[in-house]
Amino acid sequence: MSTDTTTRAHDPLDTLDAADFAFTRRAWVDASPTRVYDLVSEVSAIHRWSPHATGVTFDQGAGARAGAWFSGRNRRGGKQWTTRSQITRADPGAAFTFVVGGAEHGIVRWSWTFLPQGRGTVVQQSWQLLRLDPVLGSTRGDLDTLRDYMADSAETTLTSLARWIAEELHPDTTRRQ
């Protein structure tokens, strides 16, 4: 590692731009955009696909609509925590977005878009850091590591979602005996 790279990894928060910490991952799934939207927007089911979400529940009386709130239990390594998130976009068959911490003071935006392709859908999952906060890391290196970790998590989630849909559609040909 060069001195310049090492120096950049240790850049403190006050020298960074949250917009530098983002990614998008894509996967094709064998289902319509509406079906995939229905699965993803039912946030209480995300534990089926996400390697880090252990439980998610809508607030009482809430559902998959803009403005609604939900709580999510997560784990990473030996740590567990609960987040509060607000749905900021809920367009059936097109897009689903929520912000961890809420629309006004959120820290991370998670977005899903659903694009028809052939007999299925290209699902895009995006993550964008909205503001810098020491709880997520105190240097560029910390935030790069977090972004990369979350990108790996998104890839796992998309792969698991595609596999789950395939098993749902063709249970006799996709399950191992």
Side-chain angles (χ1 to χ4, degrees), residues 1-29 36 39-41 43-59 64 66-91 94-115 122-162:
M1 185 182 286
S2 73
T3 303
D4 187 46
T5 304
T6 303
T7 302
R8 284 182 43 91
H10 297 291
D11 287 350
L13 281 183
D14 61 354
T15 66
L16 304 177
D17 181 357
D20 291 341
F21 303 95
F23 66 81
T24 298
R25 296 293 184 265
R26 295 167 187 79
W28 183 87
V29 299
V36 183
L39 291 169
V40 169
S41 66
V43 297
S44 63
I46 194 66
H47 69 277
R48 294 177 185 161
W49 313 294
S50 172
H52 308 293
T54 60
V56 180
T57 55
F58 280 113
D59 286 4
W69 285 83
F70 62 89
S71 296
R73 288 188 317 277
N74 303 278
R75 71 175 181 276
R76 178 180 176 200
K79 297 180 181 179
Q80 293 188 12
W81 66 96
T82 299
T83 60
R84 296 279 298 144
S85 298
Q86 184 178 29
I87 297 169
T88 57
R89 184 173 180 196
D91 296 330
F96 183 74
T97 301
F98 62 88
V99 176
V100 178
E104 283 189 40
H105 303 290
I107 194 164
V108 172
R109 177 185 306 115
W110 284 97
S111 300
W112 297 73
T113 58
F114 314 100
L115 308 167
V122 173
V123 182
Q124 291 187 156
Q125 186 179 12
S126 300
W127 180 90
Q128 169 69 57
L129 192 60
L130 299 175
R131 64 180 169 83
L132 301 171
D133 190 309
V135 74
L136 298 177
S138 58
T139 66
R140 174 180 295 282
D142 292 344
L143 295 176
D144 284 340
T145 298
L146 174 65
R147 181 199 54 225
D148 295 347
Y149 179 85
M150 297 312 287
D152 289 345
S153 176
E155 288 180 20
T156 299
T157 299
L158 290 168
T159 299
S160 297
L161 176 63

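Hydrogens, waters and symmetry mates play no part in the numbers below; they use all other heavy atoms, side chains included. Along the sequence shown, residues are numbered consecutively beginning with 1.
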Evaluation steps, side chain to side chain contact (heavy atoms under 4.5 Å, CB included), between Val108 and Met150: CA-CA 11 Å; Val108 172; Met150 297 312 287; over 6 Å; no
Taking all atoms of both residues into account, what is the closest heavy-atom pair of [X] and [Y], and its distance?
X      : Y      : value
Ala22  : Ala19  : CB-O, 4.3 Å
Ala53  : Asn74  : CA-OD1, 3.9 Å
Ser41  : Ala64  : O-CB, 3.5 Å
Trp110 : Ala154 : CZ3-CB, 4.5 Å

Note, Phe114 side chain near Val29 side chain (heavy atom, < 4.5 Å): no
Flag side-chain contact, heavy atom, 4.5 Å: Arg147 against Leu129: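 Side-chain contact under 4.5 Å: no.
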Side-chain donor-acceptor pair present, Gln80, Arg75, cut-off under 3.5 Å: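 Note: Gln80 and Arg75 side chains miss the donor-acceptor criterion.
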Flag for Arg84-Ser71: side-chain donor and acceptor within less than 3.5 Å: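 Indeed, the side chains of Ser71 and Arg84 share at least one donor-acceptor pair under 3.5 Å.
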Which value, rounded to the nearest 0.5 Å, describes the distance between [X] atom [atom1] and [Y] atom [atom2]?
X      : Y      : atom1 : atom2 : value
Arg89  : Thr113 : CZ    : OG1   : 8.5 Å
Phe98  : Arg109 : CZ    : CZ    : 11.5 Å
Leu132 : Ile107 : CG    : CD1   : 8.5 Å
Asp144 : Asp148 : CG    : CG    : 6.5 Å
Leu158 : Arg25  : CG    : CZ    : 9.5 Å
Trp49  : Ser153 : CH2   : OG    : 13.5 Å

Partner of Ser138 under side chain to side chain contact (heavy atoms under 4.5 Å, CB included), chosen from Leu136, Asp142, Val135: Asp142
Criterion side chain to side chain contact (heavy atoms under 4.5 Å, CB included) on Leu39 and Arg48, from CA distance to verdict: CA-CA 10 Å; Leu39 291 169; Arg48 294 177 185 161; 4.3 Å; yes
Parallel, tilted or perpendicular, as decided by the 30° and 60° cut-offs, for the rings of Tyr149 and His52: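 Tilted: the ring planes of His52 and Tyr149 meet at 30° to 60°.
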Aromatic ring proximity Phe96/Trp112, centre distance under 6.0 Å: no
Gln128 and Thr97: CA distance, side-chain angles, deciding distance, side chain to side chain contact (heavy atoms under 4.5 Å, CB included) verdict: CA-CA 11 Å; Gln128 169 69 57; Thr97 301; over 6 Å; no
